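Being a predicted model, the structure only gives us computed values, none of them experimental.
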Amino acid sequence: MFCGLIAYPNPLFAYSLGIGKITVYSDRPIPSAGGERFLRDCERLLERSPLKAKGHRYRVYVTNENWRQRLFFRWDPKPWGLAYGLGGTAFLSGANFETGRVVHLEYVGTPPRTLAWLCAHEVTHLITFEHLGLDRFRMPQWAFEGLADYVGIEYREKFEQLRDALGDRAGDIPMMMKYGSYPRYRLLVTYFLEKKGWPIEQLLQTRLTAEEANEIMRVDAKR
Ligand SMILES: [Zn+2]
């Protein structure tokens, strides 16, 4: 029952708007100007991705009402978004299309964690599934989440800039607020793609643990 629901949730979402590759569905009316801006922003972020989409259409569902949010986020209510790769669908907790902000329970997200960031982040997970299938589960978390964050972030800092901003502080909350949810994972992805010149396939296939990846980056910085 639940598998069918995540692959084909449309009956629970009365409103939709589609532009380009992405169609957004919502349980509340989608204002046309804000909705179109959101879809264009998300698509623009995805176009800068080193990982090219294979699919022609992605479906993103906004679960504003609490009961829908509980239904689709049943395993963990904390994340703002979820990508069910096998169903090819992504779910976002609440959205304010007029302001481009994520509304999660009573909390309103602030830039750089905009609604477009969240959309590009979750769709990047779907595209990763397209490329890897179930092998996605062998991709280390830093590469899987770091890539999605790298794609979703509007102002992508250069490696040195992000490294110096993060310093040695281990992922504290103010840093997360300012630089997005996975700044350290994004730093690693930025390093391997931009400094080491890895092709995207190498990132998809890597089995380095976060500790190993960090060590390579750290040793390299000393030279
Ligand atoms: Zn994610």
Side-chain angles (χ1 to χ4, degrees), residues 1-47 49 51-109 113-137 144-145 147-149 151-152 181:
M1 159 70 184
F2 190 64
C3 286
L5 207 53
I6 60 175
Y8 193 73
N10 296 27
L12 291 178
F13 297 85
Y15 306 93
S16 70
L17 183 67
I19 293 176
K21 279 182 183 307
I22 303 161
T23 302
V24 61
Y25 297 82
S26 179
D27 51 0
R28 290 191 192 150
I30 302 171
S32 56
E36 283 171 26
R37 189 173 55 233
F38 158 71
L39 289 169
R40 292 220 165 83
D41 284 347
C42 181
E43 188 119 1
R44 181 173 49 78
L45 294 170
L46 287 166
E47 273 164 15
S49 175
L51 187 64
K52 293 301 162 216
K54 292 182 169 181
H56 298 294
R57 189 146 291 272
Y58 299 94
R59 291 175 291 150
V60 173
Y61 296 85
V62 177
T63 57
N64 289 300
E65 296 297 334
N66 283 343
W67 71 264
R68 276 194 196 77
Q69 212 165 92
R70 276 197 299 273
L71 178 64
F72 290 98
F73 290 75
R74 62 200 293 171
W75 286 289
D76 186 358
K78 284 193 298 299
W80 289 9
L82 276 178
Y84 291 102
L86 302 177
T89 50
F91 293 84
L92 314 184
S93 61
N96 183 330
F97 291 101
E98 307 280 9
T99 59
R101 302 289 179 95
V102 180
V103 182
H104 182 64
L105 306 174
E106 301 302 304
Y107 181 82
V108 177
R113 306 168 84 192
T114 60
L115 197 56
W117 165 83
L118 183 60
C119 174
H121 180 110
E122 298 303 334
V123 173
T124 298
H125 286 331
L126 296 179
I127 296 171
T128 305
F129 268 104
E130 280 175 358
H131 283 257
L132 292 179
L134 289 174
D135 268 358
R136 164 266 173 276
F137 294 105
F144 183 72
E145 291 298 347
L147 175 64
D149 206 40
V151 173
S181 60

Between [X] and [Y], is there a donor-acceptor pair closer than 3.5 Å when you use the side chain of the first and the backbone of the second?
X	Y	value
Asp41	Ala116	no
Asn96	Arg101	no
Arg57	Gly20	yes

pair [X]-[Y]: side-chain heavy atoms closer than 4.5 Å:
X	Y	result
Asn64	Val103	no
Val62	Arg28	no
Val24	Leu92	no
Leu46	Val123	yes

Which heavy atom of [X] sits nearest to which heavy atom of [Y], and what is that distance?
X	Y	value
Pro31	Glu98	CB-OE2, 3.4 Å
Arg113	Val102	O-CG2, 4.0 Å
Thr23	Ser16	CG2-CB, 4.3 Å
Glu122	Ala90	CB-CB, 3.8 Å
Phe97	Leu115	CD2-CD2, 3.9 Å
Ala120	Leu45	CB-CB, 3.8 Å

Distance check, rounded to the nearest 0.5 Å: [X] atom [atom1] versus [Y] atom [atom2]?
X	Y	atom1	atom2	answer
Ile30	Leu39	CD1	CG	7.5 Å
Lys52	Glu47	NZ	CD	8.0 Å
Arg40	Glu43	CZ	CD	9.0 Å
His104	Leu118	NE2	CG	10.0 Å

Which residue in the set Tyr15, Phe13, Tyr61 passes ring pair (Phe, Tyr, Trp, His ring centres under 6.0 Å) when paired with Tyr25?
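Among the candidates, only Tyr61 passes.
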Taking the six-membered ring for Trp and the single ring otherwise, decide whether the centroids of Phe137 and Phe129 are under 6.0 Å apart.
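Centroid separation for Phe137 and Phe129: below 6.0 Å.
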Answer yes if the side chains of Asp149 and Trp117 hold a donor-acceptor pair under 3.5 Å, and no otherwise.
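There is such a pair between these side chains.
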Any side-chain hydrogen bond (donor to acceptor under 3.5 Å, both in side chains) pairs touching residues 123-132, not counting sequence neighbours?
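Those involving residues 123-132 are Tyr58-Glu130, His121-His125, His125-Glu145.
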